[in-house]
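The shown structure was predicted, so the numbers you read here are calculated from the model rather than taken from an experiment.
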Amino acid sequence: MPCYYPRSRGSYPLLVAAIIIVVASKLGDGLCRHDERDALLRLKKGFVFDNALSGLPSWQASSDCCTWQGVTCGDAGTPDAQVVVSLDLADLTISGNLSSDLFELTSLRFLSLANNDFLGIPLPSDGFERLSRLTYLNLSDCGFVGQVPSSIARLTNLETLHLAGAFTWDTVQNQATPFLELKEHTFDTLITNLSSLRRLYIDYVNISVSDVNNSSSRHSLRELKLSYCWVTGPIASSLVPKLRSLSKLILENCIFSHPMMNSFTGVEKLSSLLVFSLSNSGLMGTFPSSRVFSIKTLKVLDLSGNTMLHGELPEFRPGSALQSLLLSSTMFSGNLPESITNLHNLVTLDLSSCLFYGALPSFAQWTMIQEIDLSNNNFVGSLPSDGYGALHNLTRINLSNNSLSGEIPVKLFSHPCLLELDLTHNNFTGHLLLHPNASSRLQHLFLGENNLQGQIPELLSKLSGLTKLDLSSNNLTGTMDLSLLKNLTNLSILQLSRNRLSVLEKGDARSYVGYPNIVSLGLASCNLTKLPAFLMYLNEVERLDLSENSIAGPIPDWIWKAGANDFYYVNLSHNLFTSIQGNILAPAYLYLDLHSNMIEGSLPNPPLNISFMDCSSNHFTHWIPTKFLSRLTYAYFLSLSNNMLTGEVPPMICNASNLKVLDLSFNSLGGLIPPCLLQENKSIAVLNLRGNIFRGPLPQNISRGCALETVNLNNNKLEDKLPESLVNCKMLQVLDVGDNQIVDTFPGWLGDLPQLRVLVLRSNRFHGPITVLDGTNFFPMLQVFDISSNGFNGGIPAQYLKRLKAMINSSEVESQARTVGYQYAIDTYYENSVTVMVKGLDLTLVRILYTFKSFDVSNNSFDGTIPSEIGDLKLLKVLNLSRNAFADQIPSRISSMVQLESLDLSRNYLSGEIPSGLASLTFLEGTTDCVGVDFLVSATGLSRELEMTATMILQTGMFCLLS
């Protein structure tokens with residue numbers, strides 16, 4: 001059966017060139033006119049060329065200009081001369097000036113200056129009107145700036161117009177800022193005056209549109225495409241009534257001043273519309289599905305990339321012309337209507353990254369379908385078991401990241417035209433069964449993150465066309481012999497990680513010569529006890545993951561030679577390696593993860609192009625060599641935590657100017673903290689020096705523009721005061737200086753840090769009352785507040801408790817189970833940890849969820865009454881006021897703190913009745929541990945049930961009243 005593969009996606013065929021039919025006169029030896037030849041030579045003089053080949057070498061005064069590169073002549077009506085009718089100077093990298101001599105060529109019908117480098121040059125304001133015979137004008141991608149001249153609107157014979165200006169690209173916002181303008185009058189004049197115009201393509205132009213709707217004016221424009229434009233004014237409601245003949249309306253990657261969908265009314269009246277695209281243009285509101293889908297001629301609808309655009313699919317009537325339906329990355333939702341199977345002409349269906357749910361439709365009715373992408377939704381149920389045989393054009397199915405279940409239909413693996421099948425991250429079960437007639441055309445097979453069971457079938461070797469295979473994170477068992485790869489000669493990606501497989505390698509290393517040249521290999525958690533020998537014969541590996549195995553002995557030097565030339569990711573963590581042979585040599589930027597091994601000795605010297613290095617949780621000893629630090633020029637991540645390093649940190653660390661994460665925690669490093677890590681730091685976001693023996697004062701002059709988001713100096717021997725210049729670290733989220741010898745008063749000035757979520761001052765020598773300067777905020781984002789075991793005194797000011805907003809009200813981001821961390825690469829986070837006291841025990845949280853809230857002021861000298869406002873901190877998980885001198889009653893509002901999991905009021909001077917509402921606190925259920933009690937106040941008037949609950953409270957030690 002023949003297979004018909006689609007063209008590359010994301011583009012629509014446009015008629016981008018006018019067809020110029022030139023009937024050249026052959027009477028006599030007709031030459032181009034001398035005045036036009038001279039005009040062309042003067043035009044060339046204003047040009048600057050990148051190289052001689054693009055310098056128009058044929059343009060010589062001694063030759064006939066009709067034979068020159070890019071020049072076409074036509075009959076001038078006389079036997080001895082011809083005129084220039086076409087000038088095509090596209091793609092010649094021309095810069096310099098565009099002189100007015102161009103406008104001497106008044107017989108031009110075709111003019112293209114596309115894809116040149118007139119960067120920053122304005123278009124001539126006058127002269128275009130002289131080219132009155134032009135039918136095709138292309139000024140795209142030339143770098144022109146300024147106003148598009150109004151004289152172009154006088155070219156009444158123009159049929160095709162391309163305009164594109166200079167722009168700058170904002171990599172943060174991922175958008176362009178154009179420098180070519182079509183002001184209101186000019187744009188409206190273009191549409192109105194160019195009565196012959198059929199195709200208008202505008203890219204990277206700042207457009208202003210009149211809001212005057214002159215619906216009595218009609219225009220025969222067929223195709224309108226605006227791309228990467230800034231559009232001011234209601235372009236759709238202004239233009240659609242005038243452009244009833246449009247067959248293609250493409251407004252993509254634009255920024256609209258009127259982004260609401262209700263400003264695009266009337267589109268359904270475009271009865272000849274074939275292509276309608278509004279992709280990636282920030283549109284909002286609800287899409288008028290029923291009206292737009294009622295256009296009988298519509299073949300392509302592309303709304304993808306409008307992440308705030310809502311909508312649902314309507315019922316589809318039979319006879320629809322729709323071929324491409326692209327809604328990816330929108331907020332379209334709901335069930336897919338059963339009538340979607342009426343789209344018999346459908347070629348491409350992309351509903352990925354939406355909010356659709358329910359069962360999948362049958363694919364069998366889409367006999368023309370080539371690509372189906374329903375990934376990143378919440379579809380449930382099983383795959384259609386049959387009907388694939390009639391889909392002769394089907395090349396791609398992507399159903400990843402849904403909740404699909406059941407077994408994978410065997411017939412999918414024998415489909416003769418299917419190139420890609422992606423079922424990653426679903427709930428598919430059963431054995432991986434392959435058809436005996438497995439297709440050799442299947443190239444990409446992604447089945448990772450499911451619940452597939454059993455052994456990997458030997459028939460997998462029949463899929464000889466595979467280039468990418470991912471079976472990771474399933475429940476596959478048995479053994480996998482790497483000799484299976486012999487028939488997969490085109491394989492570049494192999495992912496088998498995190499199954500229950502035992503990967504074996506039979507034969508000696510020589511038997512692996514001629515194996516596929518793997519680019520990405522994932523064998524994590526595959527029960528390996530030695531390095532696969534065939535790696536010695538690879539030299540283009542970009543990603544190698546052998547983590548979570550039991551590979552022992554030294555890391556051989558040949559493993560570095562397997563790396564590709566531009567980037568090499570190597571993860572050997574969680575093994576039993578004991579040493580590193582030779583030097584680490586990498587031909588590319590190296591990502592190296594060696595954490596959680598048993599590697600001994602001094603730190604290895606990394607290559608100069610190291611970008612990520614994690615040597616944590618090993619047995620490295622001695623000091624940090626200066627040479628080691630000198631080779632971190634390109635490194636953005638360095639972790640040496642949980643080793644046995646000693647000595648001081650060399651000042652050379654200051655030269656690692658690209659570091660984002662520096663973790664030296666849990667070693668025996670000492671001396672002073674290098675001042676550059678705090679004072680002059682505009683790069684490091686995470687600084688973790690916890691669990692060392694650093695001494696002395698902290699650097700005091702932290703500069704503006706500080707990039708720090710986490711500072712963890714817990715459990716050292718630091719002295720003196722906190723630097724008040726920490727307020728320059730506006731992005732600071734975590735500050736942990738617990739278990740040191742800092743002598744200071746309460747740092748209320750930290751309350752102005754808008755992102756601070758964790759503040760730990762425990763076990764220092766802080767003293768005095770909690771005070772905050774007038775006009776200073778009081779930790780609006782704080783979720784962990786630990787000032788225990790210091791010398792603070794006085795009362796807890798009620799007015800400050802009211803400002804702890806993150807402990808009072810939850811936000812939308814907290815409901816998403818986010819953690820307090822730092823994202824240093826795509827989908828890669830540094831997770832912060834913190835130690836808190838819960839139920840009398842120190843508990844280290846290796847991840848700090850946004851939803852975890854803790855308030856600990858224990859073991860100080862606070863006195864007075866416990867403010868009733870403490871009960872407003874209703875999101876707290878932990879509240880510890882123990883070991884102080886609080887007196888009077890327990891505030892009844894504590895009973896409303898239903899999120900509490902640990903409450904400790906012990907060793908105070910509280911009296912009165914236990915609030916009856918404490919019986920409703922759910923964390924009291926099911927505990928049995930017991931703590932001694934000295935005194936319990938009278939519980940007179942309480943019900944028998946509450947008396948029993950109060951006794952339980954005393955027995956658990958989670959709530960104690962002590963004299």
Side-chain angles (χ1 to χ4, degrees), residues 172-173 660-661 677-688 698-713 721-738 744-761 766 770-787 796-824 829-834 836 845 847-856 869 872-876:
V172 176
Q173 298 295 327
K660 303 294 183 184
V661 175
L677 296 181
L678 288 167
Q679 289 185 172
E680 301 299 327
N681 167 46
K682 293 187 179 181
S683 172
I684 297 177
V686 176
L687 177 62
N688 191 348
L698 287 168
Q700 294 294 310
N701 299 316
I702 299 174
S703 60
R704 293 183 181 273
C706 163
L708 286 166
E709 298 186 23
T710 292
V711 176
N712 193 336
L713 307 176
K721 295 184 176 184
L722 282 181
E724 292 193 20
S725 53
L726 272 171
V727 295
N728 290 326
C729 302
K730 300 299 183 184
M731 301 301 293
L732 193 64
Q733 295 189 70
V734 177
L735 177 60
D736 187 346
V737 294
D744 205 346
T745 56
F746 182 75
W749 39 270
L750 286 172
D752 264 340
L753 292 176
Q755 304 296 327
L756 191 64
R757 290 183 171 273
V758 177
L759 176 62
V760 178
L761 308 178
F766 287 95
I770 295 180
T771 58
V772 177
L773 297 175
D774 292 339
T776 303
N777 291 315
F778 193 74
F779 308 105
M781 299 295 289
L782 201 66
Q783 62 181 79
V784 176
F785 182 63
D786 187 351
I787 60 172
I796 297 180
Q799 68 271 25
Y800 297 154
L801 296 178
K802 296 178 181 179
R803 301 188 199 173
L804 296 172
K805 297 178 181 178
M807 299 182 183
I808 298 173
N809 298 309
S810 61
S811 64
E812 182 179 352
V813 292
E814 291 177 5
S815 67
Q816 300 172 1
R818 291 181 57 186
T819 59
V820 182
Y822 172 69
Q823 183 176 0
Y824 57 86
Y829 287 81
Y830 179 91
E831 299 283 6
N832 287 294
S833 63
V834 67
V836 295
L845 305 177
R847 300 168 69 227
I848 309 173
L849 292 172
Y850 273 21
T851 52
F852 180 80
K853 312 293 172 73
S854 172
F855 188 93
D856 189 347
E869 287 80 2
D872 293 336
L873 308 182
K874 58 186 179 181
L875 299 182
L876 285 181

Kindly indicate whether the side chain of [X], heavy atoms from C-beta on, has any atom under 4.5 Å from the side chain of [Y].
X      : Y      : result
Ile787 : Ile770 : yes
Leu722 : Phe766 : yes
Phe852 : Val758 : no
Asn712 : Val734 : no
Ile684 : Val661 : no
Pro723 : Leu678 : no

Nearest atoms (heavy-atom pairs only) where [X] meets [Y]:
X      : Y      : value
Lys730 : Gln755 : O-CG, 3.7 Å
Pro747 : Phe779 : O-CZ, 4.2 Å
Arg803 : Gln799 : CG-O, 3.6 Å
Gln679 : Ser703 : O-OG, 2.8 Å
Lys682 : Arg704 : CE-O, 3.4 Å
Gly751 : Pro780 : O-CD, 3.7 Å

Rounded to the nearest 0.5 Å, how far apart are [atom1] of [X] and [atom2] of [Y]?
X      : Y      : atom1 : atom2 : answer
Gln700 : Leu726 : CD    : CG    : 8.5 Å
Leu732 : Thr710 : CG    : OG1   : 7.0 Å
Thr819 : Arg757 : OG1   : CZ    : 10.5 Å
Leu698 : Leu677 : CG    : CG    : 11.5 Å
Ser854 : Leu876 : OG    : CG    : 7.5 Å
Leu735 : Leu713 : CG    : CG    : 7.5 Å

Verify side-chain contact (heavy atoms from CB on, under 4.5 Å) between Leu687 and Leu708, making sure each step is shown before the conclusion. CA-CA 7 Å; Leu687 177 62; Leu708 286 166; 3.9 Å; yes

Sub-3.5 Å donor-acceptor pair from the side chain of [X] to the main-chain atoms of [Y], do we have one?
X      : Y      : value
Gln783 : Leu849 : yes
Lys802 : Glu869 : no
Asn728 : Cys706 : no

Please work out whether the ring planes of Phe785 and Phe746 are parallel, tilted or perpendicular, with thresholds of 30° and 60°. perpendicular

Audit row: Glu709, Gln733, side-chain hydrogen bond (donor to acceptor under 3.5 Å, both in side chains) steps and yes/no: CA-CA 5 Å; Glu709 298 186 23; Gln733 295 189 70; 3.3 Å; yes

Atom NZ of Lys874 with >12 non-hydrogen neighbours under 6.0 angstrom: no

Please evaluate residues Thr745 and Thr771 with respect to the criterion side-chain contact (heavy atoms from CB on, under 4.5 Å), reporting the C-alpha separation (whole Å), side-chain torsions for both, the decisive distance (0.1 Å), and the verdict. CA-CA 9 Å; Thr745 56; Thr771 58; over 6 Å; no

Pair Ile848, Asn832 - check side-chain contact (heavy atoms from CB on, under 4.5 Å), show working. CA-CA 6 Å; Ile848 309 173; Asn832 287 294; 4.0 Å; yes

Kindly determine whether Val737 and Val760 satisfy side-chain contact (heavy atoms from CB on, under 4.5 Å), including the steps that lead there. CA-CA 6 Å; Val737 294; Val760 178; over 6 Å; no

